[in-house]
There are 2 protein chains.
Amino acid sequence: MAENGMSSSVGGEARLFLTDDQLRKGIEAMFFAYRGFTADPDRILTNYAYGRAHHRAIHFIKQAPGTSVNNLLSILGVTKQSLNRVLRTLIEDGLVESRVGTKDKRERHLFLTDSGVTLEAELSDAQRNRMRAAYREAGPEAVAGFRQVLEAMMDPELRRHYKPNKEGTS
Amino acid sequence: MAENGMSSSVGGEARLFLTDDQLRKGIEAMFFAYRGFTADPDRILTNYAYGRAHHRAIHFIKQAPGTSVNNLLSILGVTKQSLNRVLRTLIEDGLVESRVGTKDKRERHLFLTDSGVTLEAELSDAQRNRMRAAYREAGPEAVAGFRQVLEAMMDPELRRHYKPNKEGTS
DNA sequence: CTTGGAAAGTCAACAAGACTGACATAAAAT
DNA sequence: ATTTTATGTCAGTCTTGTTGACTTTCCAAG
């Protein structure tokens, strides 16, 4: 159904950027780029017997210190059981501290310890370096386009909570 | 080590697009966008008891019919053992055909069967629709930037074999 | 005050899909 | 003819996702 190689180029050459072939190239580029995007942190993580899931948890705890498990859950988009296993090892290893909520004792508030901050910095530095190189090579206008397309690709629900794109010209 | 929050904004406001904060936003956008990127095919795949790995295999077999297992391996960047499990189920289920090479009998050449083509179309249609919507919303210039940054993010090795970005202005 | 339900988090068991190691077969090289 | 290389397969383990069952805490209705 609708597989004739021209299903989206009916608008003529002004829409050349969304022919099926252009779309396919974008899809493949996304796949390959994501691999590069995660390659450096992944390499580092194996030295600590951690995985990508630990990186994500650490990243967002650093970003929102004191966040509840539930909040982290909705950001990461996994089940609480899955996140729990990761958090448990990070807490056992002393990278994350979990404090029982004062107002609501059901909640656990998460913080990075000093060791946690150190590992987060090592992982983020590696990932930022790759990102910075790509940004620098592509230039500011390409970066703006990159961010626009990425944001349009997110799930609408997430997008409403996220929307960090418009920053002032300051 | 170089963790002071301004490690890349020393060049002044002309380089605002690669401050650590901009980099972090890009990193998070990449993470969230990739989830959206795979969401629709993933949903479809559960109906067939397949996973993302099957999708990738089917995609690249469709793209390069008759490819050898080894070639597919280098594209997908996984071990042959991992790919083998996926290919075996696809062959058993009659979505992929594996023909022994005529010139070199060690090789297996892979093709999609009619059923394979059908599933590939269903998955690709879903993914292309999401991509098309994002492209349309962001516009042609943003798409060009998107592709530039993605390409710069790939591993250099892969990039040399891939490089599909320069197409004529026709 | 008690009770019953909702919410937050934990424990256990299972599945997908990566990985490494050991192995089989065909082709090529010596 | 024998060894080496290329290719593909089988078996077992690990990470990380899933669902289901459970505890603790909070809150609201009776």
Side-chain angles (χ1 to χ4, degrees), chain A residues 31 34-35 38-39 41-61 66-93 96-111 123, chain B residues 31 34-35 38-39 41-61 66-93 96-110:
Chain A
F31 168 64
Y34 197 79
R35 223 163 50 194
T38 56
D42 282 356
R43 213 172 355 258
I44 294 169
L45 285 159
T46 59
N47 300 333
Y48 298 87
Y50 289 144
R52 214 174 277 181
H54 299 84
H55 181 195
R56 293 198 280 258
I58 288 176
H59 175 99
F60 286 107
I61 292 171
T67 183
S68 70
V69 174
N70 222 24
N71 178 48
L72 198 51
L73 238 38
S74 67
I75 292 172
L76 295 174
V78 298
T79 59
K80 59 185 178 177
Q81 295 91 332
S82 186
L83 175 58
N84 182 57
R85 191 188 323 100
V86 169
L87 283 180
R88 200 190 321 160
T89 67
L90 290 173
I91 291 167
E92 283 171 0
D93 296 350
V96 167
E97 188 189 344
S98 166
R99 297 185 203 149
V100 174
T102 50
K103 181 167 177 156
D104 186 338
K105 291 178 195 160
R106 292 175 300 183
E107 293 183 346
R108 302 289 185 276
H109 297 284
L110 303 170
F111 302 86
L123 294 169
Chain B
F31 168 63
Y34 197 78
R35 225 166 46 193
T38 55
D42 282 355
R43 210 168 2 250
I44 294 169
L45 285 159
T46 60
N47 300 332
Y48 299 86
Y50 289 145
R52 213 174 279 180
H54 299 84
H55 181 194
R56 293 197 280 257
I58 289 177
H59 175 99
F60 285 107
I61 292 172
T67 182
S68 70
V69 174
N70 222 23
N71 179 48
L72 199 50
L73 238 38
S74 66
I75 292 173
L76 295 175
V78 297
T79 59
K80 57 185 179 178
Q81 295 91 330
S82 186
L83 176 58
N84 181 57
R85 188 186 335 99
V86 169
L87 281 181
R88 201 189 320 155
T89 68
L90 290 173
I91 292 168
E92 283 171 0
D93 296 349
V96 167
E97 188 188 344
S98 166
R99 297 185 203 149
V100 174
T102 50
K103 179 166 177 159
D104 187 336
K105 291 177 195 163
R106 292 176 299 184
E107 293 184 346
R108 303 288 186 279
H109 298 283
L110 303 169

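Heavy-atom basis, side chains included; hydrogens, waters and symmetry copies ignored. Please read these numbers as outputs of a predicted model, since none were measured by experiment. In the text below, chain A, chain B and the rest are named by the order of the sequence lines, each starting its count at 1.
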From the list [options], which nucleotide is the closest neighbour of the side chain of [X]?
X	options	value
A/Ala53	D/dT16, D/dT18, D/dG8	D/dT16
A/Thr79	C/dG9, D/dT19, D/dG8	D/dT19
B/Lys80	D/dT9, D/dT25, D/dT19	D/dT9
B/Gln81	D/dC26, C/dG21, D/dT16	C/dG21
B/Arg88	D/dC26, D/dT7, D/dC10	D/dC10
A/Lys105	C/dG21, D/dG8, D/dC26	D/dC26
A/Arg106	C/dA7, C/dA18, C/dA13	C/dA7
B/Ser82	C/dC19, D/dT7, C/dC11	C/dC19
B/Val69	D/dT18, C/dC19, D/dG8	D/dG8
A/Asn84	C/dT10, C/dA18, D/dT18	C/dT10

Could you give the [atom1]-to-[atom2] distance, from [X] to [N], as a whole number of Å?
X	N	atom1	atom2	value
B/Leu45	D/dT18	CG	P	15 Å
A/His55	D/dT16	NE2	P	12 Å
A/Arg99	C/dG9	CZ	P	15 Å
B/Arg35	D/dG17	CZ	P	11 Å
A/Asp42	D/dT16	CG	C1'	13 Å
B/Tyr50	C/dG17	OH	P	11 Å
A/Ile91	C/dG9	CD1	C1'	11 Å
B/Glu92	D/dT9	CD	C1'	13 Å

Side-chain contact test, heavy atoms from C-beta onward, threshold under 4.5 Å: evaluate it for [X] versus [Y] and give yes or no.
X	Y	result
A/Val86	A/Val96	no
B/Leu45	B/Thr38	no
A/Arg108	A/Val100	yes
A/Phe60	A/Thr67	no

message = Under 4.0 Å, counting only non-hydrogen atoms across every strand here, what does A/Arg52 touch: a base, just sugar-phosphate, or nothing?
response =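 Sugar-phosphate, no base atom in range.
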query = Across the strands shown, which category fits A/His109 at heavy-atom distances under 4.0 angstrom: base, sugar-phosphate, nothing?
reply =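 A/His109: no heavy atom of the nucleic acid under 4.0 Å.
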query = DNA chain D: A/Gly77 or A/Asp104, which has the more 5' nearest nucleotide?
reply =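 Closer to the 5' end of DNA chain D: A/Gly77.
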request  = State whether the distance check finds a donor on one side and an acceptor on the other, under 3.5 Å, for side chain B/Arg85 versus base D/dA11.
outcome  =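 Answer is no: no donor-acceptor pair is held.
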ask   = Within the pair A/His54 and D/dT16, is there a side-chain N or O less than 4.0 Å away from OP1 or OP2?
value =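 Affirmative; the distance criterion is met.
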ask   = Any luck finding a side-chain donor-acceptor pair between B/Asp93 and B/Tyr48 under 3.5 Å?
value =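 Looking only at side-chain atoms, B/Tyr48 and B/Asp93 do not form any donor-acceptor pair under 3.5 Å.
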ask   = Once the angle between the rings of A/Tyr34 and B/Tyr34 is folded into 0 to 90°, is it parallel (under 30°), tilted (30 to 60°) or perpendicular (over 60°)?
value =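 Parallel: the ring planes of A/Tyr34 and B/Tyr34 meet at under 30°.
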inquiry  = Closest-nucleotide mapping onto DNA chain C: is A/Arg108 or B/Leu83 further toward the 5' terminus? I mean the 5' end.
reply    =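 Per heavy-atom nearest nucleotide, the more 5' residue is A/Arg108.
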